[in-house]
Amino acid sequence: MTDKEKQKEILKLKKELNAVIIAHNYQIPEIQDIADFLGDSLELSKKVAKLDNDRIFFCGVKFMAETAKILSPNKHIYIPDINAGCKMADMVTAKSLREFKKKYPEAKTVCYVNTTAETKTECDICCTSANAADIVNSLDTDTVLFVPDGNLASYVQTKTSKRVIPYPGFCYVHNLIAKDDVEMARALHPEAIVIVHPEAKLEASLAADYILSTGGMVKIAKETDKKEIVVGTEEGMIYRLQKENPGKKFYPLKDKLICQGMKAITLDNLLTSLKELKYEIELPEDIIKNAYEPIKRMVDLK
Ligand code: 13P
Ligand code: SF4
């Protein structure tokens with residue numbers, strides 16, 4: 001089967017099932033092209049909660065599909081590869097977070113959505129890269145534990161007078177982005193603006209023109225008058241930006257910014273997922289109940 005034939009078959013099955021295909025901005029172009037909705041973590045979770053369809057095929061990493069399930073427990077949420085994981089999310093467990101919290105009994109805990117459902121049950125509120133500073137500032141304590149992304153925590157520290165205690169996690173893709181890379185990109189593309197995801201090293205983020213979630217990148221790419229944009233995030237992002245802004249030029253900040261978890265989703269496993277209704281996200285009832293509150297608090301705030 002060619003890619004076009006696979007896409008046609010996917011769309012046919014999707015229609016028969018009255019299903020919806022949701023895809024994160026880092027998905028491969030062939031998936032982005034057939035998705036009903038594309039977005040960042042926060043946008044996709046909110047979208048799923050608003051949909052009437054009760055079958056959702058989630059093309060992204062597992063914590064994103066789990067977040068959708070927690071917000072919409074009565075819907076059937078499928079992920080085409082059950083092993084499509086976020087390595088950063090696996091750096092903290094509910095147990096290790098309990099130990100971390102013991103050291104700071106006066107603090108409240110913010111969990112980045114890039115955490116497992118079980119870890120979320122241990123936190124006060126969730127955040128995404130789009131709202132992290134606002135979430136931290138909304139809390140009524142002076143000390144905030146920020147889990148698990150140390151780079152995002154350091155960035156949030158520049159936006160708050162509270163004390164932010166970072167957990168030592170990181171994204172192995174964005175952690176490759178250093179200040180030197182931003183400087184080199186500026187030298188190569190002097191007319192361009194530089195946009196960077198806040199999971200990058202803090203000095204790299206601060207050397208950029210804008211520090212944005214992937215949803216924020218979509219917005220700035222449309223709004224800016226600049227014709228050239230250097231993009232400091234996972235390589236999949238460039239496809240959407242270029243497609244939606246054909247009159248502008250987008251350059252990756254550096255090569256090989258590839259998330260294996262995101263790339264685990266393919267046309268082949270999406271097709272199988274629709275044919276065989278797998279892999280359905282299933283979570284224990286108590287985890288859904290206890291992870292719902294911190295996610296809902298975030299969604300209600302922003
Ligand atoms: P966004 O919420 O900005 O899309 O980021 C998700 C992510 O995993 C970035 O690596
Ligand atoms: Fe996780 Fe990094 Fe992949 Fe985002 S890019 S899903 S943070 S491993």
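As the structure lists them, so they are numbered: ligands from 1, and atoms in each ligand from 1. Quick caveat, the model's predicted, so the values are computed rather than measured. Count residues from 1 along the sequence.
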Examine the side chains of Tyr104 and Thr109 and answer whether a donor and an acceptor come within less than 3.5 Å of each other.
-> no
Could you tell me the residue and atom name of the protein heavy atom closest to atom 10 (O) of ligand 1, and the distance to it rounded to 0.1 Å?
-> Glu199 OE1, 2.9 Å
Report yes or no: do Lys278 and Ser273 form a side-chain donor-acceptor pair below 3.5 Å?
-> no
Do NZ/NE/NH1/NH2 and the carboxylate oxygens of Lys248 and Glu228 come within less than 4.0 Å?
-> no
One finds that the ligand 2 atoms under 4.0 Å from a non-hydrogen atom of Glu199 are 2 (Fe), 7 (S)
Is the Tyr78 ring parallel, tilted or perpendicular to the Phe57 ring (thresholds 30°, 60°)?
-> parallel
For His174, counting its heavy atoms only, list the atoms of ligand 1 lying under 4.0 Å from any of them.
-> 10 (O)
Between Tyr167 and Phe100, ring centroids under 6.0 Å = yes
In terms of residue, atom name and distance, what is the protein heavy atom nearest to atom 5 (O) of ligand 1?
-> His197 NE2, 3.3 Å
Do me a favour and list the nearest non-hydrogen protein atom to atom 6 (C) of ligand 1 with residue, atom name and distance?
-> Ser41 OG, 3.4 Å
May I ask you to test the Pro166-Phe146 pair for a side-chain heavy-atom distance under 4.5 Å?
-> no
Ligand 1 contacted by His24 (non-hydrogen, < 4.0 Å) = yes
Shared ILVMFWY cluster between Leu42 and Val20, side chains joined below 4.5 angstrom?
-> yes
Contacting atoms of ligand 1, where contact means under 4.0 angstrom from a heavy atom of Ser213 = 3 (O)
Would you mind checking if Asp209 and Arg186 are paired as a salt bridge, meaning a charged N to carboxylate O distance below 4.0 Å?
-> yes
Which pair of non-hydrogen atoms, one from Ile135 and one from Cys127, has the smallest distance, and what is that distance?
-> CG1-CB, 3.8 Å
Taking atom 8 (O) of ligand 1 as the point of reference, which of Asn114, Leu42, Leu44 owns the nearest heavy atom?
-> Asn114
Polar protein atoms near atom 3 (Fe) of ligand 2 [N, O or S; cut-off under 2.8 Å] | Cys259 SG
Examine the proximity of ligand 1 to Glu234 and report which part, side chain or backbone, both or neither, has a heavy atom under 4.0 Å away.
-> neither
Which bit of Thr128 is near ligand 1, meaning a heavy atom under 4.0 Å away: side chain, backbone, both or neither?
-> neither
Should Ser129 be listed as contacting ligand 1, given a heavy-atom distance under 4.0 Å as the test?
-> yes
